[in-house]
Protein chains: 2
Amino acid sequence: MNVTDAFGVVLKKYRKLANLSQEQLALQCNLDRTYIGMLERGQRQPTITTLFTIADTLSIEPNKLVKEIEALL
Amino acid sequence: MNVTDAFGVVLKKYRKLANLSQEQLALQCNLDRTYIGMLERGQRQPTITTLFTIADTLSIEPNKLVKEIEALL
DNA sequence: CACTTAAGATGACTATAGTCTGTCGAAAGA
DNA sequence: TCTTTCGACAGACTATAGTCATCTTAAGTG
């Protein structure tokens, strides 16, 4: 599995845990609804600041998200 | 301090620790020499796969790099 | 059934990641 | 002085992150 796909999997998992729709998450992150969807489907990869923004919104430390990605590779 | 600048600081620190020039690191990462410089100066921010590639080349876990960035924010 | 919400998907767009070529100055060695 | 190595920096470029409008489908819900 590649980094982009792994990020999508982890993102979806934590969004669901936070009980948010893609749209709700997008609003809280100041990102676009369709972009969140593309991230989850592995069709886009985030920059590092986007990673931090999303992690922040999901109340999880960025390094923990990254660690989970590493575990999927 | 923002995420982009913090990444630059951390990158430079670990590149020096690995005793590599920007050009040597760039070659090993398959990235451009000037781009490594821009990252270190906070003029560009990496995507997540670039983060993983660089961490890999520097023999450090991506989540550790990220943790250091968090500490600088 | 109609109505709503969530998400997949696409095409066109703007902003920026990442490349390439080259110049410059500082430091260090021959 | 001459050369090499390193890094800052600039400009022009290509690839892709991220936006926006819109349509479609699936799963509830009354």
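The structure presented is a predicted model; accordingly, all values stated were derived computationally and were not measured. A, B, ... follow the sequence lines: proteins, then strands. Residue 1 opens every chain.
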Indicate, with yes or no, if Leu20(A) and Met38(A) share a hydrophobic cluster defined by side-chain heavy-atom contacts under 4.5 Å among Ile, Leu, Val, Met, Phe, Trp and Tyr.
no

Length of the line joining [X]:[atom1] and [N]:[atom2], which is rounded to integer Å:
{"X": "Arg15(A)", "N": "dA7(C)", "atom1": "CZ", "atom2": "C1'", "answer": "8 Å"}
{"X": "Glu40(B)", "N": "dG7(D)", "atom1": "CD", "atom2": "C1'", "answer": "9 Å"}
{"X": "Leu11(A)", "N": "dA17(D)", "atom1": "CG", "atom2": "C1'", "answer": "15 Å"}
{"X": "Arg44(A)", "N": "dA15(C)", "atom1": "CZ", "atom2": "C1'", "answer": "13 Å"}
{"X": "Glu23(A)", "N": "dA21(D)", "atom1": "CD", "atom2": "C1'", "answer": "13 Å"}
{"X": "Asp32(B)", "N": "dA15(D)", "atom1": "CG", "atom2": "C1'", "answer": "14 Å"}
{"X": "Met38(A)", "N": "dT16(D)", "atom1": "CE", "atom2": "C1'", "answer": "10 Å"}
{"X": "Leu39(B)", "N": "dT16(C)", "atom1": "CG", "atom2": "C1'", "answer": "13 Å"}

Please determine whether a side-chain nitrogen or oxygen atom of Lys12(A) lies at a distance below 4.0 Å from atom OP1 or OP2 of dA6(C).
no

Distance below 4.0 Å between Gln45(A) side-chain N/O and dG18(D) OP1 or OP2:
no

Between [options], which nucleotide gets closest to the side-chain atoms of [X]?
{"X": "Gln22(B)", "options": "dT19(C), dG7(D), dT19(D)", "result": "dG7(D)"}
{"X": "Thr47(B)", "options": "dG18(D), dC6(D), dA17(C)", "result": "dA17(C)"}
{"X": "Thr34(A)", "options": "dA9(C), dA7(C), dC9(D)", "result": "dA9(C)"}

For residues Thr49(B) and Gln45(A), is any side-chain donor paired with an opposing acceptor at under 3.5 Å?
yes

Short side-chain donor-acceptor distance under 3.5 Å, Thr47(A) and Thr50(A):
yes

Just one of Lys13(B), Lys12(B), Gln22(B) clears the side-chain hydrogen bond (donor to acceptor under 3.5 Å, both in side chains) bar with Glu40(B), so which one?
Gln22(B)

Decide yes or no, distance alone: a donor-acceptor N/O pair under 3.5 angstrom between the base of dT22(D) and the side-chain of Arg33(A).
yes

Which heavy atom of Leu51(A) sits nearest a heavy atom of Pro46(A), and at what distance?
N-CB, 4.2 Å

Using a heavy-atom cut-off of 4.0 Å across all strands, would you classify Thr50(B) as base, sugar-phosphate, or nothing?
sugar-phosphate

